[in-house]
Amino acid sequence: MDGGSIASAESTLSCARCGKPAHLHCPKCVELRLPRESAVFCSQDCFKASWSSHKTVHLKSKLSRLTASTPDEQISAALNEGWLYCLKKGQARTSKLPHFYWTGPLRQYPISSRRIVPANIDKPDWTIDGIPKIELNSDLQNVVEIKTLEQIERMRETCRIAREVLDAAARAIQPGVTTDEIDEVVHEATIAAGAYPSPLNYKFFPKSCCTSVNEVICHGIPDARRLEDGDIVNIDVTVYYKGVHGDLNETYFVGNVDEASKQLIQCTYECLEKAISIVKPGVRFREVGEVINRHATMSGFSVVKSYCGHGIGELFHCAPNIPHYARNKAVGVMKAGQTFTIEPMISAGVWRDRLWPDGWTVVTEDGKRSAQFEHTLLVTETGVEVLTARLPSSPNVFSWLKP
Ligand SMILES: [Zn+2]
Ligand SMILES: [Zn+2]
């Protein structure tokens, strides 16, 4: 075999997944100059299968560089990561536009200063330093937790608060309102319920919810831009209460929206409904993507691949990882007592995404619109309970739902 001496020199390393002799290094680990033995794989298959848990290694190393180094080094590391605006509390967004190939008409606007959470509210571990330390080090990144009845009861309470907060935000939507004002509604409603807005300072995210307008797929940062008649806007809310998180989102119309956008939003809503309808013990996680892909492509739309549903509970994001696209490699089957989100992002044009220089905002590569809906779900003995389900009081904004 070619390069025999190199291969045998490395054959003492074993695959991080299966333990067989291994010689493939994760390219990202190499780029980050992580120790060669920290992650080596025997095959592309083992590398791919390990990806969702392995990638936390990259994040941990980036975050530890940010915290361990001097302030100057921190800023240069942050610049590389596109996090400067976070460290400067949004100030980077007040200056002139960075050089970037903007994929659509939307541009970034200034971000307001960080909102305060009262001292008496119970907070997750990233509140102060931006790093979800427990989450990054938890075994629950690899094992899907079966919740106890007591945990499930807390999840119900928290998810109901999240729903009420999202509903309050939805009522605030109208042309002329800024997404920062929507963030204020989310923040105030969350702390009024005695909860913490989970996105706030999570991996340095600067605001209390995500607002994703038009071609923004997800993780849009609430800013000073005013919503315009004809826009679509997704609001993604997560709250932390009694030690657990509840996560949901919906995409709304701003004023009068064109027919194509209405169809996109309705189709995305249906994709989530159809995915939820198959959830019960014994169903493979990879089936979720098949159902969503079938419905989206039938309507001429595409499914975003880079962002997935996730386990949730005492951790904001944990196993399982649930892709929304077809022929995905998600492992495992659903079991009663698991809680996770399904949150399909459906795009009018291509499925490919790009990241803005702010390090958060994910947009479609072709600048066409994208919609999303999300629920937090509990697998029950017989099927599924939608923990973030709409309430009789939820604003009646979707024409396809009977009042
Ligand atoms: Zn969410
Ligand atoms: Zn989520």
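All values derive from a computational prediction rather than experimental measurement. For ligands, and for the atoms within them, numbers begin at 1 and follow the listed sequence.
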task = Describe, in one word, how the ring planes of His54 and Phe41 are oriented to each other, choosing from parallel (under 30°), tilted (30 to 60°) and perpendicular (over 60°).
result = perpendicular
message = Ring-plane angle category for His58 and Trp51, please: parallel below 30°, perpendicular beyond 60°, tilted otherwise.
response = tilted
ask   = Of all N, O or S atoms in Glu343, which has the smallest distance to the Zn ion (ligand 2)?
value = OE2
ask   = With the Zn ion (ligand 1) at the apex, how many degrees lie between OE1 of Glu374 and OD1 of Asp247, rounded to 10 degrees?
value = 90°
inquiry  = Within 2.8 Å of the Zn ion (ligand 2), is there any N, O or S atom belonging to His310?
reply    = yes
task = Run the ring-centre check on Tyr325 versus Trp351 and record whether the distance is less than 6.0 Å.
result = no
ask   = the Zn ion (ligand 1) is nearest to which N, O or S atom of Asp236?
value = OD1
message = Using side-chain heavy atoms (C-beta onward) and a distance below 4.5 Å, is Trp360 in contact with Lys207?
response = no
